[in-house]
There are 2 protein chains.
Amino acid sequence: MEEIASLLKKIAPEVAHVIEQRFDILKNIYYNQPIGRRALSVVLSLPERPLRTEVKRLEEQGLLEIDPKGMRVSQEGERIIARLENFVYFLKGLNFIAERIKGKFGCEVIIVPGDSDIDETVKNLMAKEAAAYLRSFLKNGDIVAVTGGTTMAQIPKNMPRLTGYEDVLVVPARGGLGERVELQANTIAEELAGRLGAQYRLLYVPDNLGPEAMESVTNEPRIKEVITLIRRADIVIHGIGGAEEMARRRGLDEKVIREILESGAVAEAFGYYFDCEGRIVYITTSAGLSVNDLKNIPKVISVAGGSKKASAIRAFLKYLRPNALITDEGAARKLLELEGGEK
Amino acid sequence: MEEIASLLKKIAPEVAHVIEQRFDILKNIYYNQPIGRRALSVVLSLPERPLRTEVKRLEEQGLLEIDPKGMRVSQEGERIIARLENFVYFLKGLNFIAERIKGKFGCEVIIVPGDSDIDETVKNLMAKEAAAYLRSFLKNGDIVAVTGGTTMAQIPKNMPRLTGYEDVLVVPARGGLGERVELQANTIAEELAGRLGAQYRLLYVPDNLGPEAMESVTNEPRIKEVITLIRRADIVIHGIGGAEEMARRRGLDEKVIREILESGAVAEAFGYYFDCEGRIVYITTSAGLSVNDLKNIPKVISVAGGSKKASAIRAFLKYLRPNALITDEGAARKLLELEGGEK
DNA sequence: ATAACTGGGACAAAAATTATCCCGGGAGGT
DNA sequence: ACCTCCCGGGATAATTTTTGTCCCAGTTAT
């Protein structure tokens with residue numbers, strides 16, 4: 001596969017673009033179906049007419065079904081998407097990039113093609129990889145902790161319904177995050193447990209309580225029990241955010257935000273803010289997993305993509321080496337660029 | 001490889017065409033180098049301007065070197081050609097066709113892309129395959145018999161210079177064929193022996209001698225010895241010709257030609273003419289291997305291509321099942337067509 | 001010398017691609 | 001039962017790309 005990709009790039013480089021583009025189109029239809037020609041042309045930022053020719057070709061190949069409701073990918077098209085993603089991976093030389101990142105940061109690296117800053121559906125690809133990766137070693141008895149975020153929210157949706165994981169326990173890594181419900185860790189934990197046919201426990205603790213309020217809440221027996229379970233997690237899957245974006249999404253005070261940013265924060269994970277050297281510069285008061293606990297957790301999986309997040313990812317990786325990083329092409333390329341520029 | 005080819009055909013069928021065309025171009029430059037743009041446009045029957053754009057692309061990729069003497073393929077280009085041929089094989093679905101022919105005729109089938117009726121260089125591909133196939137089982141002590149013909153003539157040229165075959169003996173399958181010297185069995189035997197570093201014995205006996213003349217010639221001790229060796233051959237590599245074409249090339253009388261054709265002859269091999277059912281309808285008087293001897297020869301390799309020869313190949317295969325058939329796309333497709341039409 | 005190649009450049013004609021409309025129809029919300 | 005919105009498909013004109021066909025200067029083999 002890898003060899004053919006390089007062969008193709010040599011003999012017909014323009015062709016690579018065509019294939020990548022068709023993959024993008026197919027993928028975007030798949031995750032937005034049914035969708036119309038014009039709406040699609042907007043999300044792909046591709047002129048309508050060229051899109052139309054492309055779509056027509058795909059339809060002729062039987063990969064697309066197209067009726068007055070809009071376009072959908074056919075069963076055959078679905079099968080093609082998976083194989084195509086794999087091929088595009090090599091076509092873009094992502095295997096090479098993954099190898100280099102692995103060399104620099106010493107963790108497993110999985111890269112999906114695309115840039116989630118430009119194309120929302122790329123998050124689905126990352127989530128699918130995360131789900132597949134989790135599944136590859138998940139066993140009964142494991143405790144899985146998850147965080148919130150847009151990419152994390154896609155993981156349950158990209159996990160097939162399974163059986164045989166009745167003794168798995170899914171928990172949120174930390175308390176409520178003041179985000180939209182569907183992006184909260186609690187929601188994601190519950191949904192993931194649903195897909196796995198597993199148990200789940202939730203943790204409702206507001207962020208940024210005062211010290212004594214926090215104390216009294218965490219001493220509630222039922223809450224205390226959940227926190228204990230969380231700290232004993234075998235697997236953590238978490239997102240990484242940009243510092244400013246996350247601070248705003250959590251509705252922090254403008255003053256606090258300025259303070260955080262002035263201290264050099266670029267990344268956020270688990271409610272901790274990191275500067276570009278991976279130093280902790282601010283902590284959101286919250287219940288659940290602290291980053292110190294991470295060292296005792298056998299399997300840490302970081303999931304984050306988008307070229308704008310590259311520096312955040314880099315900062316977090318400097319703080320902690322996870323077992324695996326699942327990211328996208330946009331972030332991966334930028335990450336290498338940042339690293340290369342420094343050396 | 002096969003899977004990627006089918007993937008590519010599904011997702012971007014036009015691309016397949018581009019790749020096949022570039023392969024054709026590269027291949028034709030390789031076998032005719034150095035060659036100019038215009039001359040190439042003639043042998044490819046491709047308009048000059050499109051060819052020019054293609055050539056420019058290939059040059060940009062470093063596959064072509066291009067100077068005032070003409071175009072040549074670079075070292076990298078050479079490496080690409082081999083890999084590309086293999087890929088084009090699957091892209092054209094020749095694996096599938098080979099399987100079907102094998103099923104119908106029960107012999108190994110090797111198909112190379114292209115049609116030697118249209119593109120002369122395809123004969124080189126067949127010859128290269130024949131050479132590689134021969135090499136795969138040739139061992140010291142073997143006697144190899146070869147016939148004449150345009151495709152056969154390319155075999156020595158596509159055989160690398162080898163050592164370790166000092167005890168191999170290469171002989172012509174039959175006496176002189178009244179053809180141009182470079183296409184005669186004797187010449188080919190000598191050249192092949194040269195490449196292998198092997199021994200060779202030649203056989204100069206004119207075609208169509210009268211019975212008593214033939215008798216006296218074949219009783220010559222030295223000639224008799226060679227004929228004995230030929231009959232003991234372990235491996236025979238032979239071409240198959242169209243009946244009319246071969247009769248003319250041998251300079252037979254117009255009257256005889258008409259007679260042969262009227263008896264339904266479509267194919268020629270070893271000086272024997274076959275009708276479309278594989279029955280022998282005419283025999284050129286000549287010394288050497290007779291088709292009866294073929295049954296005692298462990299390894300028979302038939303090499304012939306070009307869509308116009310499909311019916312000749314079919315006729316010969318009905319007469320005798322060789323161990324392997326090495327042919328080209330044009331003949332293979334036509335062959336299946338003929339078979340399919342009958343069933 | 002000269003004839004027959006070579007690649008590169010130029011340019012008008014033709015073809016394909018592009019952008020941008022409009023139209024009739026069905027779905028979903030009201 | 002309506003009304004509105006989005007759907008695919010068709011049409012058209014402007015624009016870009018591709019195509020065919022020259023000529024030219026240099027190189028090589030005769």
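Letters A, B, ... mirror the listed sequences (proteins, then strands); counts begin at 1.
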Any ion pair linking Arg195(B) and Glu191(B) (charged N to carboxylate O, less than 4.0 Å)? no
Would Arg57(A) and Glu60(A) pass as an ion pair if we require N to O under 4.0 Å? no
With side chains defined as the heavy atoms from C-beta onward, is the minimum distance between Asn158(B) and Leu125(B) less than 4.5 Å? no
Answer yes or no: is there a side-chain heavy-atom contact under 4.5 Å between Val303(B) and Thr327(B)? no
Is the shortest heavy-atom distance from the side chain of Gln21(A) to the side chain of Pro50(A) under 4.5 Å? no
Calculate the interatomic distance between Leu46(A) atom CG and dT20(C) atom C1'; express it in whole Å. 16 Å
Partner residues of Asp115(A) under the salt bridge (charged side-chain N to carboxylate O under 4.0 Å, His left out) criterion, sequence neighbours left out: none
At under 4.0 Å between heavy atoms, which parts of nucleotides 5-23 of chain D does protein reach? Answer with one letter per nucleotide, 5' to 3': B base, S sugar-phosphate only, - none. --BBBB--------BBBBB
In this structure, how many angstroms lie between the C1' atom of dG8(C) and the CG atom of Leu51(B), rounded? 14 Å
Treating Asp117(B) as the side-chain partner and Ser307(B) as the backbone partner, does any N or O pair qualify as donor plus acceptor under 3.5 Å? yes
What does the inter-axis angle of the helix from dA1(C)-dT30(D) to dT30(C)-dA1(D) come out as, five pairs per end, nearest 10 degrees? 30°
Could you pull out all residues at least two apart from Arg333(B) that satisfy salt bridge (charged side-chain N to carboxylate O under 4.0 Å, His left out)? Glu329(B)
Which residues in residues 9-18 of chain A have a heavy atom closer than 4.0 Å to any atom of DNA chain D? none
Tell me every residue that passes salt bridge (charged side-chain N to carboxylate O under 4.0 Å, His left out) with Arg72(A), counting only those two or more places apart in sequence or in another chain. none
Side-chain contact, heavy-atom cut-off 4.5 Å: Ile188(A) with Ile155(A)? no
